[in-house]
Amino acid sequence: MRVLIITKIFPNRLEPLSSPFNRLQFSALKQWCQVEVLATIPWFPGISVCRRWSQAARLVEVPRHESIDGLRVAHPRFAYVPRLARGLAGPLYAASLAAVTLRYRGRVDIVLGSWAYPDGFAAVTLAKMLGVPSVVKLHGSDMNVVARWRGPRRHLNWALPRADRVVAVSRPLAAAATALGVSPERIDVVSNGIDRDLFHPRDRSEARRALQLPVDRRLLLYVGHLTENKGAFDLIQAFTEMNEAFHDVQLVMIGDGTAAPKCHHLALRATDRVRFTGPLPQEQIPTWLAACDVLALPSWNEGTPNVVLEALASGRCVVASNVGGIPDIVRGKPHALVPPKDVTALRLALEQALGGSYDPAEIATTLNFPDWTTSAGQLHASLRSALSSRAREAA
């Protein structure tokens with residue numbers, strides 16, 4: 001099977017830490033089939049002079065082709081107009097990729113769009129042009145946020161029911177696809193994987209010594225994009241309002257994002273117990289998880305976030321928002337789920353979690369999720385099912 005993947009959420013030379021879940025799953029997928037990735041890069045007229053204030057403009061230096069984890073990756077540019085009507089983004093995206101995609105006529109058996117809009121919409125459109133089946137993979141905010149906007153929702157109402165299969169990383173995302181007209185029989189729930197060699201219970205004191213952290217202070221950890229809708233502001237506010245009994249707790253925030261400057265400002269204005277590390281390689285995250293007492297992820301929307309899976313596999317307590325697929329994996333004590341955007345509930349949950357104790361080994365044994373090879377195998381099965389269904393229809 002020859003698979004062409006279209007996605008704008010994938011690493012590149014300038015953003016090597018981006019979207020590790022796609023990199024790991026697609027790299028494992030090549031055990032069963034040939035995989036090529038079109039990891040798209042935004043472009044607009046005059047982009048080269050906008051690098052100082054535009055994140056998209058900074059990607060102008062990404063090479064046209066590179067090899068990532070043994071995958072052949074092309075970086076075609078797509079027309080992107082800031083503040084353009086959202087409903088036009090999908091058709092413009094597909095039109096931008098049409099010429100590139102035509103080169104794959106007769107060279108691919110199936111097209112996979114990883115992210116509902118615009119990638120999934122484009123995958124369905126361009127697969128029809130190539131005369132091959134299409135599969136759309138749903139992640140989280142692509143359905144929980146983007147699909148609720150009027151323009152994208154209209155296009156997804158057209159595209160998703162026409163995909164040969166839809167792959168969702170959680171049951172709530174599968175239900176969201178059904179609400180957009182996809183038959184449940186054509187939806188597969190394929191969980192993201194976990195690298196069990198990296199993420200497993202480790203000694204907390206040893207981890208703190210390795211990171212040159214105080215062994216006797218409690219550590220609250222955040223790993224993710226520093227943006228408002230990831231709850232970064234809410235977490236900083238909740239942390240600074242915690243009871244005096246938690247004056248020894250340090251908050252470490254790993255990651256970067258558009259709201260990083262404001263996060264720094266909010267933290268420095270209130271306390272000196274918040275540390276920002278910037279983005280870190282995947283290989284360093286297990287040590288930080290081992291060092292922490294609690295992982296916090298107060299996102300406003302999510303799919304099935306890998307950092308939560310990794311924290312649980314590492315035997316750590318999780319305080320997270322009650323959104324998306326998180327309730328499927330974060331259950332019972334010592335964990336806590338809170339309403340999104342509720343700073344008071346978040347503060348109380350953090351205080352309770354940081355004030356308690358738990359058995360890391362017991363937490364780790366309750367997590368029943370696949371490794372990346374198994375996850376990729378399940379994705380491969382969904383792709384094969386799409387091919388088989390198309391062959392039966394043509395017979």
Classify the ring geometry between F21 and H139 as parallel (under 30°), tilted (30 to 60°) or perpendicular (over 60°). tilted

Is it the case that the side chains of T227 and N229 hold a donor-acceptor pair, with the cut-off being a distance below 3.5 Å and no angle test? yes

Under 6.0 Å from the [atom1] atom of [X], do we count more than 12 heavy atoms belonging to anything else shown?
X    : atom1 : value
H225 : NE2   : no
R153 : CZ    : yes
E241 : CD    : yes

Side-chain (R77) to main-chain (H75) donor-acceptor, under 3.5 angstrom: yes

Hey, is the main chain of A174 close enough, under 3.5 Å, to the side chain of T178 for a donor-acceptor pair? yes

Qualifying salt bridge (Lys or Arg N to Asp or Glu O under 4.0 Å) pairs with a residue from residues 184-193, counting only residues at least two apart or across chains: R165-D188

Quick test of your reading: applying salt bridge (Lys or Arg N to Asp or Glu O under 4.0 Å), list the pairs with at least one residue in residues 244-265, sequence neighbours left out, ordered by first then second residue. R218-D248

Please walk me through it: do R23 and D69 pass salt bridge (charged side-chain N to carboxylate O under 4.0 Å, His left out)? CA-CA 8 Å; R23 173 180 60 82; D69 278 9; 2.7 Å; yes

Are the charged groups of [X] and [Y] less than 4.0 angstrom apart, N to O?
X    : Y    : answer
R2   : E36  : no
R347 : E351 : yes
D328 : R171 : yes

With sequence neighbours excluded, residues passing side-chain contact (heavy atoms from CB on, under 4.5 Å) with S375: Q25, V190, P370, W372

Evaluate R204 against D293 for salt bridge (charged side-chain N to carboxylate O under 4.0 Å, His left out), listing each step before the verdict. CA-CA 8 Å; R204 182 179 284 114; D293 295 279; 3.6 Å; yes

